[in-house]
Structures are given as structure tokens and as C-alpha cells.
Amino acid sequence: APVAQAQTVKSVGVTAIVEHPALNLVRKGVEDELKALGWTQGQNLKLTYQSAQGNTATAGQIARKFVGDKNDVIVAITTPSAQAAVAATKTIPVVFTAVTDPVAAKLIKNWNASGSNVTGVSDRLPLAPQIDLIQQIKPGVKRVGYVYSPGEINSVVVLKELKAELAKRNITVVEAAAPRTVDIPAAIKSLVGKADVVYTSMDNNVVSAYEAMVRVAQESKLPLVASDTESVERGAVAALGMDSYHVGRQTGKLVDKILKGAQPGTLPPEAANKLSLAVNPQAAQKQGVTLSDALL
């Protein structure tokens with residue numbers, strides 16, 4: 001009888017800077033995609049997971065341990081974990097995921113295939129669909145308010161892109177800077193009568209003071225459109241946000257290709273391509289807009 005060949009076991013080290021629901025969904029997506037593509041834990045796959053629990057020094061230790069263990073692929077969830085992995089090895093394939101701007105984070109030089117040991121999936125939000133949503137909520141919108149913290153690089157980048165994207169549709173941005181969380185109520189109040197709708201990004205000040213935003217939005221009938229679905233639960237009218245689980249599934253496809261022999265440097269980095277829509281009809285009513293049947 002022919003001798004059954006022993007299956008080669010591939011090892012994958014997965015790490016994240018911290019554990020929270022969105023990042024756990026990314027990891028579950030990676031695991032589920034690998035399973036769907038024929039990788040079974042304990043048979044042909046040894047998958048290890050470690051969280052740095054919010055500590056960048058720990059992220060570095062985990063990355064070096066994964067390199068020492070000679071993993072076939074390192075999956076790094078979030079920018080700090082990806083930076084630690086890229087610093088730790090120039091040879092072992094590193095697949096980053098849930099990174100907003102991998103070029104600014106210096107993980108890759110540009111969006112072409114890197115030619116290095118690095119590829120991955122960015123969760124940067126495309127702005128055009130966000131503006132489509134704003135126009136569905138507030139037809140004929142001419143002025144979009146934007147409250148942001150000038151100290152947060154992501155928020156400043158979004159502002160710049162928002163201006164460019166809205167200009168194409170003859171819509172202007174009315175900005176209100178809020179350097180600290182306590183500045184949020186005054187910032188949104190300053191937009192009353194000047195903006196038709198307010199768009200919020202994942203600005204930490206704004207997200208941490210969202211209830212204050214909602215209060216003014218209701219008093220002034222100034223609808224809030226968010227960029228994350230969690231803010232809709234807290235009182236935004238709607239959001240078209242990144243689907244974290246799908247970001248993980250998309251990442252798993254890249255990992256599978258590398259485990260099957262593809263060089264990471266030949267696989268161009270990808271932008272996540274699945275958004276999820278959340279709407280809050282009660283909030284819409286309180287903020288003076290009626291959501292169309294088509295949107296609902």
C-alpha cells in the first residue's frame with residue numbers, strides 16, 4: 001500500500017497591539033478565511049496569537065519571538081504591531097491589517113507590490129461613498145460641518161480629502177477645530193446655522209465626546225453622519241463604516257497565497273473593500289431629517 005505523506009505544518013503568528021471588539025473581529029476573519037481555504041489548526045496549520053495589551057515595547061518582544069520561532073507568516077493587526085513586525089524581520093513574510101495608512105506608517109513605500117517581505121490590507125475609508133450617504137440623508141446639501149482635533153494626523157488627512165472630494169460636487173466644508181475634548185460642545189455649536197449636516201471621522205476627541213455632539217445636533221436640528229457604526233448606536237443618524245470581520249477575511253486570502261508559495265513582495269497591498277451601513281431612524285427624527293425608504 002502507498003505510504004501516506006505527512007502533511008507539512010505551516011506556522012502563522014498573529015499579533016495585535018490590544019484587544020477590543022473591532023480587532024477581535026479582524027482576527028476571527030483571518031482565522032475563518034484560512035479555515036475556509038483548507039488550513040486546519042493542529043493538522044496543516046499551527047496558529048499562535050499574542051496581544052501586546054497596549055504596550056509598544058511588548059509588541060516588539062512578540063515580534064522578535066515570532067521571528068525566533070521561524071513562523072512562515074506573521075500577521076500584524078494595527079499600525080504599532082505592524083511597525084514592530086517590520087522592524088524585527090526583513091525575511092519572514094509580514095502581512096499587516098487594520099492599518100489606516102501603511103505608507104505614512106512606513107510599512108511600505110507606496111501602494112504597488114513592495115518587493116520586500118511586506119504586504120497587507122488597509123482599513124482606510126473611501127470618502128466618495130460617505131458623501132453619497134450624506135447626500136441621501138440631506139438632499140441638496142451645500143455645506144458640510146466637520147469637527148476635528150488639529151493634533152490628530154488622521155483627522156487632518158480626512159479634512160484635506162473631504163475638501164477635495166466635496167469640491168467636485170460644489171459642496172463646501174465648514175470646519176470647527178476642537179483641540180481638547182472639552183472644546184467639542186463649543187465647536188459643534190459654532191456650526192449651527194453655518195452647516196446643513198455634520199460629518200464626523202474617527203477623531204478620538206470627537207468619538208469620546210459623542211454624547212455632547214448628539215445633544216447639540218438634537219437641539220439645533222443639525223444631523224450627524226458618522227464614519228463608524230458604533231457612533232450610530234450613540235445617536236448619529238447613520239454611518240457607512242469599515243466591516244472589521246471582512247477586513248480579516250480579505251487578509252486571510254493574502255496569508256493563504258503566501259503559505260502556498262507566493263512572495264509577499266509580489267502581492268500589492270490592498271484597501272479593504274467592504275463597508276457596512278448602520279442607520280438610526282429615531283436619531284434622524286430628533287435631528288430634523290427623515291430617512292428615505294430607499295435608504296432604509
Any chance [atom1] of [X] has more than 12 other-residue heavy atoms, nucleotides or ligands included, within less than 6.0 Å?
{"X": "Lys160", "atom1": "NZ", "value": "no"}
{"X": "Glu19", "atom1": "CD", "value": "yes"}
{"X": "Lys70", "atom1": "NZ", "value": "no"}
{"X": "Glu165", "atom1": "CD", "value": "yes"}
{"X": "Lys109", "atom1": "NZ", "value": "no"}

Output yes when a side-chain donor or acceptor of [X] lies under 3.5 Å from a complementary backbone atom of [Y], and no otherwise.
{"X": "Arg234", "Y": "Val207", "result": "yes"}
{"X": "Lys106", "Y": "Pro102", "result": "no"}
{"X": "Gln41", "Y": "Leu47", "result": "yes"}
{"X": "Ser81", "Y": "Thr78", "result": "no"}
{"X": "Asn71", "Y": "Gly13", "result": "yes"}
{"X": "Asn280", "Y": "Val232", "result": "yes"}
{"X": "Glu33", "Y": "Thr251", "result": "no"}
{"X": "Asn44", "Y": "Trp39", "result": "no"}
{"X": "Ser220", "Y": "Ala217", "result": "no"}
{"X": "Asp256", "Y": "Gly252", "result": "no"}

When rounded to the nearest 0.5 angstrom, what is the spacing between [atom1] in [X] and [atom2] in [Y]?
{"X": "Glu230", "Y": "Met202", "atom1": "CD", "atom2": "CE", "answer": "7.0 Å"}
{"X": "Glu175", "Y": "Ser190", "atom1": "CD", "atom2": "OG", "answer": "10.0 Å"}
{"X": "Leu133", "Y": "Lys138", "atom1": "CG", "atom2": "NZ", "answer": "14.0 Å"}

Derivation and outcome, side-chain hydrogen bond (donor to acceptor under 3.5 Å, both in side chains), residues Tyr146 and Ser201: CA-CA 8 Å; Tyr146 182 70; Ser201 69; 3.2 Å; yes
If you take all heavy atoms of [X] and [Y], which pair is closest and at what distance?
{"X": "Val9", "Y": "Gln43", "value": "CG2-O, 3.2 Å"}
{"X": "Gln50", "Y": "Ile62", "value": "OE1-CG1, 3.5 Å"}
{"X": "Pro223", "Y": "Val197", "value": "O-CG2, 3.3 Å"}
{"X": "Ala187", "Y": "Ala177", "value": "CB-O, 4.1 Å"}
{"X": "Ala209", "Y": "Thr181", "value": "CB-CG2, 3.5 Å"}
{"X": "Pro269", "Y": "Phe96", "value": "CB-CZ, 4.1 Å"}

With side chain to side chain contact (heavy atoms under 4.5 Å, CB included) as the criterion, how do Val157 and Arg124 come out once you've worked through the C-alpha distance, each side chain's angles and the decisive distance to 0.1 Å? CA-CA 11 Å; Val157 167; Arg124 186 176 207 152; 2.9 Å; yes
Sole residue of Ile77, Leu23, Asn55 in side chain to side chain contact (heavy atoms under 4.5 Å, CB included) with Val18: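 So, applying the side chain to side chain contact (heavy atoms under 4.5 Å, CB included) to Val18 and each of Ile77, Leu23, Asn55, only Leu23 qualifies.
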Give a yes or no on whether [X] and [Y] share a hydrophobic cluster (residues Ile, Leu, Val, Met, Phe, Trp, Tyr; joining criterion: side-chain heavy atoms under 4.5 Å apart).
{"X": "Val198", "Y": "Val289", "result": "no"}
{"X": "Leu254", "Y": "Ile92", "result": "no"}
{"X": "Leu25", "Y": "Val75", "result": "no"}

Between Asp132 and Arg169, does any NZ, NE, NH1 or NH2 come within less than 4.0 Å of an OD or OE carboxylate oxygen?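 A salt bridge links Arg169 with Asp132.
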SB check Lys142 Asp196 (cutoff 4.0 Å):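 No.
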Using side chain to side chain contact (heavy atoms under 4.5 Å, CB included), reason through Val279 and Leu296 one step at a time and then give a plain yes or no. CA-CA 8 Å; Val279 292; Leu296 293 171; 4.0 Å; yes
Got Val26 and Asp123 here, is their nearest side-chain heavy-atom distance under 4.5 Å?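 They are not in side-chain contact.
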Hey, are the side chains of Leu222 and Val216 touching, using non-hydrogen atoms and a 4.5 Å cut-off?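 SC-SC contact between Leu222 and Val216 ruled out.
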Evaluation steps, side chain to side chain contact (heavy atoms under 4.5 Å, CB included), between Leu295 and Leu277: CA-CA 10 Å; Leu295 184 57; Leu277 175 67; 4.1 Å; yes
